[in-house]
Amino acid sequence: MDYAHSDTAVHEPAARRRGGGQPIAAKILVAGGFGVGKTTMVGSISEIRPLRTEELLSDRSAGVDDTTGVSGKTSTTVAMDFGRITMGDGLILYLFGTPGQQRFWFMWDELALGAVGAVVLADVRRLADSFAAIDYFEDRGTPFMVAVNCFDGAERKDPADVRIALDLDADVPLVMCDVRSRDSAKEVLISMVEHVLARTAAARR
Amino acid sequence: MSDDRWLDEDAGPIFRPYTVTRGRTRLRDDSLNLISLLEATGLPVPRRTRLDPEHRRVLAVCAEPITFADLSSEIDLPVGVVRVIVDDLREENLLRVLRPTPTGDVPDELVLRKLLHGLRAL
Ligand SMILES: Nc1nc2c(ncn2[C@@H]2O[C@H](COP(=O)(O)OP(=O)(O)OP(=O)(O)O)[C@@H](O)[C@H]2O)c(=O)[nH]1
Ligand SMILES: [Mg+2]
């Protein structure tokens with residue numbers, strides 16, 4: 001691949017879109033177990049847009065697929081939560097809500113690259129469902145935080161107990177939230193960015 | 001790449017995304033991230049190259065810088081299919097990546113500060 005084009009292009013005043021200057025894009029992942037409120041969170045804070053990705057089925061379909069044939073590999077389309085928040089200064093924050101099941105980790109690998117960080121949504125009644133996501137980001141070194149979505153009727157838990165139950169490192173932020181509320185979702189994202197800024201500052205020292 | 005593309009000696013390469021995708025579902029170019037910015041180069045389509053409608057639509061949408069995610073959403077095809085189209089167009093120098101996302105790097109501090117400011121102002 002010839003990169004000469006891309007390199008020079010960066011300095012060209014190409015965009016007329018948002019009053020000149022290229023947009024700057026940043027992304028935050030919203031991960032977590034089944035039904036934990038990912039779609040709700042992305043929808044309450046951002047403009048939701050359709051985005052489809054494919055899931056390869058060939059590995060799981062017990063050998064019935066002939067991958068050498070005309071049909072090729074079997075794949076199915078998966079809708080991904082995709083939200084966009086356009087801010088001043090040509091800055092766009094993208095939110096990607098990704099299913100928590102291990103079979104979707106192939107998506108996370110790419111999504112985590114260059115991300116600000118990941119919000120792991122957890123449901124107090126099913127904390128164990130967030131273990132997979134937490135392990136994944138811990139292993140990868142992706143900055144992450146845990147946001148406990150407080151569903152109606154769920155017992156109020158002491159954040160300190162949740163932290164112990166999740167075996168979270170002391171420096172991983174943990175917040176309680178109600179992702180149906182825009183303000184609450186916004187506070188979660190603010191905590192995420194503050195955490196990454198603090199990490200960046202600490203790394204500089 | 002050329003082995004995945006149906007070639008006709010007179011017509012030149014013809015892109016067919018659905019056919020082309022089958023053989024290469026893996027990432028070919030890791031610099032293309034969902035938030036990478038893409039833009040059409042504005043260079044003329046080589047005379048030997050015939051573009052199919054999907055390729056043309058991608059080029060048109062990329063007339064102004066747009067992220068790969070927004071492009072995929074706009075074109076309404078799965079990300080993997082759009083990736084193949086983008087790769088084809090890059091190969092023909094019709095499309096370029098303006099800001100390849102540095103692999104594994106979090107955004108720099110200035111971007112993070114702007115982000116924080118922007119979020120607080122929401
Ligand atoms: N009471 C209450 N309900 C919520 C809250 N957040 C989400 N819900 C509801 O819980 C259900 C699941 O929420 P979703 O946002 O679809 O969860 P998800 O993580 O996207 O689910 P999957 O994509 O299926 O894994 C929906 O019916 C929501 O309306 C909350 O904070 N409180
Ligand atoms: Mg969902």
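Note on naming: letters A, B, ... go to the chains in the order of the sequence lines (proteins, then strands), and numbering restarts at 1 for each one. The figures that follow rest on heavy atoms only: side chains count, while hydrogens, waters and symmetry mates do not. Note that this is a predicted model, so its numbers are computed, not measured.
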Open item on the list: Given 3.5 Å as the limit, does a donor-acceptor pair link the side chain of B:N33 with the main chain of A:G114, or not?
Closed with: no

Task: Minimum heavy-atom distance A:A25-B:I35, with the two atoms named - done: O-CD1, 3.6 Å

Open item on the list: Quick check on A:M192 against chain B: is it the side chain, the backbone, both or neither that has a heavy atom closer than 4.5 Å?
Closed with: neither

Task: Close side-chain approach of B:T67 to A:I92, heavy-atom, < 4.5 Å - done: no

Task: Separation of B:L119 CG from A:I190 CD1 (nearest 0.5 Å) - done: 5.5 Å

- [ ] List the atom of A:L51, the atom of B:A69, and the distance in Å for their closest heavy-atom pair.
- [x] CD1-O, 3.7 Å

Task: Any donor-acceptor pair under 3.5 Å from B:S73 side chain to A:P50 backbone - done: yes

Open item on the list: Closer than 3.5 angstrom, by distance alone: can the side chain of A:K186 be matched with the main-chain N or O of B:L122 as a donor-acceptor pair?
Closed with: yes

- [ ] Indicate yes or no: at least one non-hydrogen side-chain atom of A:V193 is less than 4.5 angstrom from one of B:R113.
- [x] no

Open item on the list: So which atom in B:L32 and which in A:E110 form the shortest heavy-atom distance, rounded to 0.1 Å?
Closed with: O-OE2, 3.6 Å

Open item on the list: Are the side chains of A:M80 and B:L34 in contact, using a 4.5 Å heavy-atom criterion?
Closed with: yes

Task: Spatial distance of atom NZ (B:K114) from atom CD1 (A:I24) [nearest 0.5 Å] - done: 4.0 Å

TODO: Work out which heavy atom in B:P65 is nearest to a heavy atom in A:Q22; give both atom names and the distance.
DONE: CG-CG, 4.4 Å

Task: Spacing of A:R49 atom CZ and B:D76 atom CG [to the nearest 0.5 Å] - done: 10.5 Å

Task: Per-residue contact mode, A:R182 against chain B (heavy atom under 4.5 angstrom) - done: side chain

